[in-house]
Amino acid sequence: MKKIIAACLAILSVASCNKVDYNAFGGGVSTYNQALTNYYIGIADDLVCPSLAQLETALTADAVTRKYLFSTNGLDITTDGARWTATNTDRMRGVVIKKVDGETAWTVEYEGDAYMAGNTFPTTLSFKATPEDTSAGGHRNWNIENFQGQRTEEGGYAMSFQQDGKLNLKVAGTATDQWYVYGYVHVNVTKDGAAKDKLLVNHKGQLGSTSVTRITEE
Amino acid sequence: MKKLIFAVIALCVCISAASQDKKHQIELNIGGPFNIFAAEYDALPSYKGLQRLYEPTSYTSPGFAIGAAYSYRLAKKILVGAEFCYASRTKAVIPAPAYGAKASTTAIHNFIIMPRVRFQWFGNRQDLGLYSNVSAGICATASAGEPVSFAWQVVPVGVMAGGKHFRAFAEAGIGTCYIFRTGFQIDL
């Protein structure tokens, strides 16, 4: 009888412990830097790179493929006045590519739902892309100017972003996950229209080396 | 007056009938989840994107209740007594990841005491029986400013099985302390 009672008491005492590691959801300073970086690297990886991939496709694909992937205004993409829209792609479908008159450059504009950092929300962006040298697999490295846009998310949150200084895409391989963005991007986060956060994202290529700095105004 | 006299006589008859048996019973038990009707019992919200970065969250675990009860066998099939439960839950406040503080946790200690009536409506109590309970009392929380609240428990069916002096039980019900509870009983 004593053994049974002792066993029952032991079971009760063990079962009454209810410990959960809640820090897994929060974390320390390193975790918060990582949380911000994981999200804002998406500006480069999920918005800039797929947009430039469409521009690359427009420039390099053969005539049949171009016809399948784009709707055009009848002008070759290298001709002044050309205006192509990507109509058959998983990422950034609807991105508009326009030839800049008199320059070897194109503007890229997008308005619609865009996947970024794990979720899809309404996003607009635009930039001017000028090819630099040719890199891996015949892809170009690009110089990006006037990169800006905004994104509206759930809970009243929105962010606007724009480049600060030089912004480049460096191609390290043929796959787009080896396309790396270098340069600074300012981000303003708002909630219900009120300022929430102001950040400077230093894109240094890969996720591990990218950093996010909070801008505090005194 | 006649009704009162009749009631007293009936009570005496019941007690007399039960006097051949052991009258006192204690039990130890564990059940859960505790107080699932409470407002503070919540779940982590499924925030996405920026909202996940900038919104703090909190979570209160449902927890278990452990307890003890004493019953007096008023009649062959009726026991009255009281039960005491203790339940510890953990409330975690999880800051927004964008601001980097560590999650903080607070233990919420709840103490419940409820008078109880049990009706054993099937079986011989020495080996197997089915019963129902009704309990009502108070729940106090060991935190400043937390009001004492009403506590209740209804058990439509419980089953007990074992020997003459010692048996295990399991019961399903609804109320403050648990939806399912198990434990053991000892007749003294």
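So that the names make sense, note that chain A is the first sequence line, chain B the second, and so on, each numbered from 1.
In this structure, the side chains of A/Lys196 and B/Tyr54 come closer than 4.5 Å at one or more pairs of heavy atoms. The shortest distance between side-chain heavy atoms of B/Glu55 and A/Tyr157 falls below 4.5 Å. Residues A/Tyr40 and B/Leu53 have side chains in contact (heavy-atom distance under 4.5 Å, counting atoms from C-beta outward).
Within a 6.0 Å sphere centred on CD of A/Glu111, heavy atoms belonging to other residues, nucleotides or ligands number 12 at most. Annotation for B/Phe122: atom CZ does not count as buried by contact number, only 12 or fewer foreign heavy atoms lying within 6.0 Å. By the 6.0 Å contact criterion, CZ on B/Phe84 is enclosed, its count of non-hydrogen atoms from other residues, nucleotides or ligands being greater than 12. Counted within 6.0 Å of CZ on A/Arg83, heavy atoms from surrounding residues, nucleotides or ligands total 12 or fewer; the atom is thus considered open.
When A/Glu154, A/Met116, A/Met159 are compared by the number of non-hydrogen pairs under 4.5 Å with chain B, A/Glu154 comes out ahead.
Atom CG of B/Leu50 is separated from atom NZ of A/Lys191 by 10.5 Å, given to the nearest 0.5 angstrom.
In this structure A/His186 satisfies the ring pair (Phe, Tyr, Trp, His ring centres under 6.0 Å) test with no other residue, sequence neighbours excluded.
Without hydrogens or angle criteria, A/Arg214 side chain to B/Ala98 main chain gives a donor-acceptor distance under 3.5 Å.
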